[in-house]
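Taking it in order: structure first as C-alpha cells, then the write-up.
Worth saying up front: this structure is predicted, and the values here are computed from it rather than measured.
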Amino acid sequence: MTQHEISIRSIVEASVTAYAAGFSDRHLAEADDPDGTINMKINNIFISILGSEIQYYSALARSLDSSLGNMLEKMAIAIAKLSYEVQRHVDGYITKGQTEFIARLLEEYKRHAKSPSISDYAALLSLGNDDQTIQKRHESDYYVEDKDAGQHYLIELKIGGDLDNKKARSEKEALLEQYCILCNSLKTDANVHLKFATAYNRYGEGNDWKQSRVLQFFSKEELLISSDFWNFICKSDRGYEIVIDAYRQNAHHITDALETIKKAYLPNG
C-alpha cells in the first residue's frame, strides 16, 4: 500500500468518524426539542398516520441524505488537497462581450439548436479584451490546479447529479463565467477545463449516465461521474476503489450512530 493510498484511507476514516459523532450528538441533543431537525419533520399528518416507525425513518432519511452529501463534499476536498492546489473561488474580471456570448450559447442549448461541446466556449478568450469589464468573485465547488501538469479544472459537484432544467442552465452559466475570469487572469485558455461531477452514479456504477436535463447543457467530455470523479480527485485510477473500500470499513460508525438515535426517538421500537 502506497503512502498516497494510506493518506486517502486516513481522510475517509477521519471524515466518517467525525460525521457519525456529529450527526449523533446533534440529533440526540434535539430529541426533546420540538424545533429539532427530526421533530420538525415528523408532524406531517399524512406520514404520521402510517405509524411511528415510518414517521421517524422518513424524517431521519431526509436529514441523513442532506448531511451525508455535505460530508462527502468536504471529504473530497481534503483528498484533492493531497495532489492538487485547491481553491473555492475565482477572482477577476469578465467582459460584456463574454457575458453576451454565454447568454447566446445557453439559449441555443435551451432551444436544442446546438448540442454542448467543449469547443463551443473556445471563442470566449478572444472576447476578453473588451473595455467594458465587470469585476467578479465567483464561489466555486472546486478550482483545482494540477501544478505538475499545468492543468486547471473548474468543477461543479452535485452529489447525485439531480438537476432540473433551470439549475442545469445556471450551473453551466456559473462555470462559463468562472472560465472567463480564470482565462482572463491567466491570459490563456490553454489547459483550463470545465467539469460537472457526481459522487455516485444514480443509474448504478458502470451503467451509462444519461440525465437529459444535464446533458442538454453539458457535453460528455465535461462529465466526471462517480468513479471518474473519485479517480480524478484521488489522482489514481484506483481512487474510487480505495474510497469505497475505506468507507465500507468505517460505515459501522454511522450505523452505530443511527441505532443510538433510534433508541432516543423510538425507545420502544
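Side-chain N/O atoms of Tyr109 and Asp120 include a donor and acceptor closer than 3.5 Å. Judged by distance alone, the side chains of His27 and Ser63 do bring a donor and an acceptor atom under 3.5 Å apart. No side-chain donor-acceptor contact under 3.5 Å links Asn191 and His193. Checking Tyr143 against His152 by side-chain atom types alone, a donor-acceptor pair falls below 3.5 Å. At a cut-off of 3.5 Å, with distance as the only test, a side-chain donor of Glu205 or Ser227 sits close to an acceptor on the other residue.
A salt bridge between Glu139 and Arg88 is absent, with no side-chain N of the basic residue lying under 4.0 Å from a carboxylate O of the acidic one. Under 4.0 Å is where a charged nitrogen must lie from a carboxylate oxygen, and between Arg169 and Glu107 at least one such pair does.
Seen from the ring of Tyr84, Lys147 does not count as a face-on cation partner, given the 6.0 Å and 45° thresholds.
Side-chain contact between Phe23 and Ile261: present, with at least one pair of heavy atoms (C-beta onward) separated by less than 4.5 Å. A heavy-atom distance below 4.5 Å is found between the side chains of Phe218 and Leu175. Between Trp209 and Ser226 there is no side-chain heavy-atom pair separated by less than 4.5 Å.
Between Phe232 and Tyr153, the ring centre distance stays below 6.0 Å.
Formation of a donor-acceptor pair under 3.5 Å by the Lys172 side chain with backbone atoms of Phe217 is found in this model. Not one N or O on the side chain of Asp25 forms a donor-acceptor pair closer than 3.5 Å with the backbone of Gly22. Under a 3.5 Å cut-off, the side chain of Asp33 and the backbone N or O of Ala29 do not form any donor-acceptor pair.
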message: Please determine whether salt bridge (charged side-chain N to carboxylate O under 4.0 Å, His left out) holds for the pair Asp146 and Lys235, giving the CA-CA distance in whole Å, both sets of side-chain angles, and the decisive distance to 0.1 Å.
response: CA-CA 10 Å; Asp146 185 339; Lys235 208 174 184 180; 3.2 Å; yes

task: With side chain to side chain contact (heavy atoms under 4.5 Å, CB included) as the test, would you mind laying out the steps for Glu100 and Thr95 before giving the verdict?
output: CA-CA 9 Å; Glu100 291 175 345; Thr95 69; over 6 Å; no

- request: Any chance you could lay out the side chain to side chain contact (heavy atoms under 4.5 Å, CB included) test for Tyr19 and Val16, step after step, and finish with the verdict?
  value: CA-CA 5 Å; Tyr19 167 75; Val16 172; 5.6 Å; no

